[in-house]
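Here the structure is a predicted model, which is why all the values come from computation and not from measurement. Note on naming: letters A, B, ... go to the chains in the order of the sequence lines (proteins, then strands), and numbering restarts at 1 for each one.
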Number of protein chains: 2
Amino acid sequence: MLFSRISRNLRGSFNGCRWFLSIGDHNHRFLFSNEFHSRRDSTLQVMRSLIFSKGQPALHNSRYQIHHQSSPIVEDELDPFSLVADELSLLGNKLRAMVVAEVPKLASAAEYFFKMGVEGKRFRPTVLLLMATALNLPIPIAPTPIELGGTLTTDLRSRQQRIAEITEMIHVASLLHDDVLDDADTRRGIGSLNFVMGNKLAVLAGDFLLSRACVSLASLKNTEVVSLLAKVVEHLVTGETMQMTTTSDQRCSMEYYMQKTYYKTASLISNSCKAIAILAGQTAEVAVLAFEYGKNLGLAFQLIDDVLDFTGTSASLGKGSLSDIRHGIVTAPILFAMEEFPELRAIVEDGFENPANVDLALEYLGRSRGIQRTKELAVEHANLAAAAIDSLPYSDDEEVRKSRKALVDLTHRVITRTK
Amino acid sequence: MLFSRISRNLRGSFNGCRWFLSIGDHNHRFLFSNEFHSRRDSTLQVMRSLIFSKGQPALHNSRYQIHHQSSPIVEDELDPFSLVADELSLLGNKLRAMVVAEVPKLASAAEYFFKMGVEGKRFRPTVLLLMATALNLPIPIAPTPIELGGTLTTDLRSRQQRIAEITEMIHVASLLHDDVLDDADTRRGIGSLNFVMGNKLAVLAGDFLLSRACVSLASLKNTEVVSLLAKVVEHLVTGETMQMTTTSDQRCSMEYYMQKTYYKTASLISNSCKAIAILAGQTAEVAVLAFEYGKNLGLAFQLIDDVLDFTGTSASLGKGSLSDIRHGIVTAPILFAMEEFPELRAIVEDGFENPANVDLALEYLGRSRGIQRTKELAVEHANLAAAAIDSLPYSDDEEVRKSRKALVDLTHRVITRTK
């Protein structure tokens, strides 16, 4: 069991050469990049030490093999978004209906990021709808627009859809307030709400979305779920404050960075995944797996985001927006670089208001393995996310299996994305 | 029954001469100011027309009499605050414990207005604790500090105390955000949080308090109550936006003003009073009376606030802070004055950025009955609040009666206060 659990926690996919460890049937094959292997990555080492004892396989059965493949593997990936496209479209309508306010200015502020074309990737609702199906639930019956505009619908799928709506409302509320805090002027390719309608309306619209989310939550009549998602709002605030108010030691601490990243990015998706499981009446164990999927996917997502802030789509250093470092926010790539070049710390402590310090930090980063190690950490979390899905109770339902595969595919997309 | 209902809705208390209408026993005596009578106040007129038909009493029984008294009446008023002083002190400790955050800056921002000395009048918790007793509930057993710091306490009084805590957290959260929106620099005699720690921390601290309130709400495990109080947050935002974004017609509309006042001031206390009744398992009728008490008390409170903004403690026009009118906020006194002097509307529409317009408006106000009519409207709502308490089911429990009396006394205090 220990072996099985650890092996399930290891899965990686890089372009180019790969190492594979295959265990059991096709569904339990695990992939490792040769990057991992050549660095004798500590997690892989643990894995290998479990398999090999003094250079010999310690586990003598036919269920595993390690082999090397030098060409990229093309997998028959589903498009996770297309699986739930119809439901996402209904969700868009529902959200626009939910944020209608009686005061016109408040209404237009609240719906600002729910309008067609600026709805974003709808990453969270996609994950949540796939998770709802992955947890072996009945096939969704798409609610009619009448039902969507109506009062409490009691069937499970509608309730899970509502979690997706609430999650998106909390997400957008936090974007609105974050943009006020950061004085941001653009978001999703258009002017930020604070830029277009002013800070006051952006603060109020954020509060409004939070209260609408809370009213909608309450209507689910499940206090555990209310509690989970209320806690998320607290985490979002805590993460934002952690970022804003760091001591010098905290800014240079990987642990602090990961805690902040959980609060700011991973808490929302992890707790809403858990809420999906709770509404379905799943066991605590399944709820934890759903949570772990969300948490690790969220962490992987943010780690890659931090890489892209340096590289942009070009994969070359300095081609990203560099908005984090220019705002004095120290992320994983710099923290890893600092481990290799302790002298970088003095520059970080001096701050990045001086552009020369940004250039210096980029120079150190370029000479370090900071970007690479951040990607590897992202892969590690993506693996853990995929492992959580693989650990879900067996189901032979085709829809369930498709959704689970889509969730695993998402873990690959998150780490290979370039924007 | 109609007679009884209307009579219960009329109760006034002014200094100086008074008219009385006494119906039934001592507990059902109703007071009217001679101000009301001499103006042939429309409500009193309805009342009188019910009693008198063609100048003769229409109701021939000994249960009513109208008489006039020329000297002020001294009533044996309880101090409503002293009745719940011990519980308020525990509540202060509990609130300080509840807003502890793991990030130090967030913690000091969140506890800013819960510190000893700047807790404010604790008006809402006082009302809610009195309401809890007034609804014929067991005598409170003051929780020990250990219980207060512990996990879910299940007894009713603790749950009702939690409503008081949540209400105070929502109230303070809204103050923090309002002060950001208004660029306020002082609050409760000290620097506002935005002034002292900056807008960002004030926005975050407000969000944090809202999320803590929501977590605490969820732990009550009563979805009707969660829903009620989540709706309040929406109302606070709606009211604030209504105030910020008015058309010219809306600024001059008494109906718009009263709706905004309900959202901004009365919704919180009315819905939390209702929550107290719901937690006690009271009937829907009692819950409505609790709501009506809170709503009308809140409206009376705000109307007097609007008067004091013009008069201050001196009761002379122009001696208040004039902060509403200087911020372009048109309140009841000006709206009533505008009914008498329609030419005032042009000045209101021109705005109050020009100090000459403020002076002109004050001149019109001084010549009008605006202040007086606002006070009378406040008295009307205070009467309705008191009538709601009088309509509660009979109880001979001494504590219940004391608390009800204290709630009625509060309606007098609200309209006679000078600060």
With side-chain contact (heavy atoms from CB on, under 4.5 Å) as the test, would you mind laying out the steps for L217(B) and V226(A) before giving the verdict?
-> CA-CA 9 Å; L217(B) 257 179; V226(A) 176; over 6 Å; no

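- Counting heavy-atom pairs under 4.5 Å between each of L228(A), L181(A), L229(A) and chain B puts L181(A) at the top.
- Counting heavy-atom pairs under 4.5 Å between each of V232(A), L209(A), V233(A) and chain B puts V233(A) at the top.
- Within the 4.5 angstrom heavy-atom criterion, atoms from both the backbone and the side chain of V215(A) approach chain B.
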Could you please show the donor-acceptor pairs under 3.5 angstrom between chain A and chain B, with distances rounded to 0.1 Å?
from    : atom 1 : to      : atom 2 : distance (Å)
E102(A) : OE1    : Y263(B) : OH     : 3.4
E102(A) : OE2    : Y263(B) : OH     : 2.5
H177(A) : ND1    : D207(B) : OD1    : 3.3
H177(A) : ND1    : D207(B) : OD2    : 2.6
L181(A) : O      : K200(B) : NZ     : 2.6
K200(A) : NZ     : L181(B) : O      : 2.6
D207(A) : OD1    : H177(B) : ND1    : 3.3
D207(A) : OD2    : H177(B) : ND1    : 2.6
R212(A) : NE     : E234(B) : OE1    : 3.0
R212(A) : NE     : E234(B) : OE2    : 3.0
R212(A) : NH2    : E234(B) : OE2    : 2.6
E234(A) : OE1    : R212(B) : NE     : 3.0
E234(A) : OE2    : R212(B) : NE     : 3.0
E234(A) : OE2    : R212(B) : NH2    : 2.5
Y263(A) : OH     : E102(B) : OE1    : 2.6
Y263(A) : OH     : E102(B) : OE2    : 3.4

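- A ring-ring contact (aromatic ring centres under 6.0 Å, His included) check over residues 203-224 of chain A, counting only residues at least two apart or in different chains, returns nothing.
- Most heavy-atom pairs under 4.5 Å with chain B, from the set L210(A), V225(A), L204(A), V180(A): that is L204(A).
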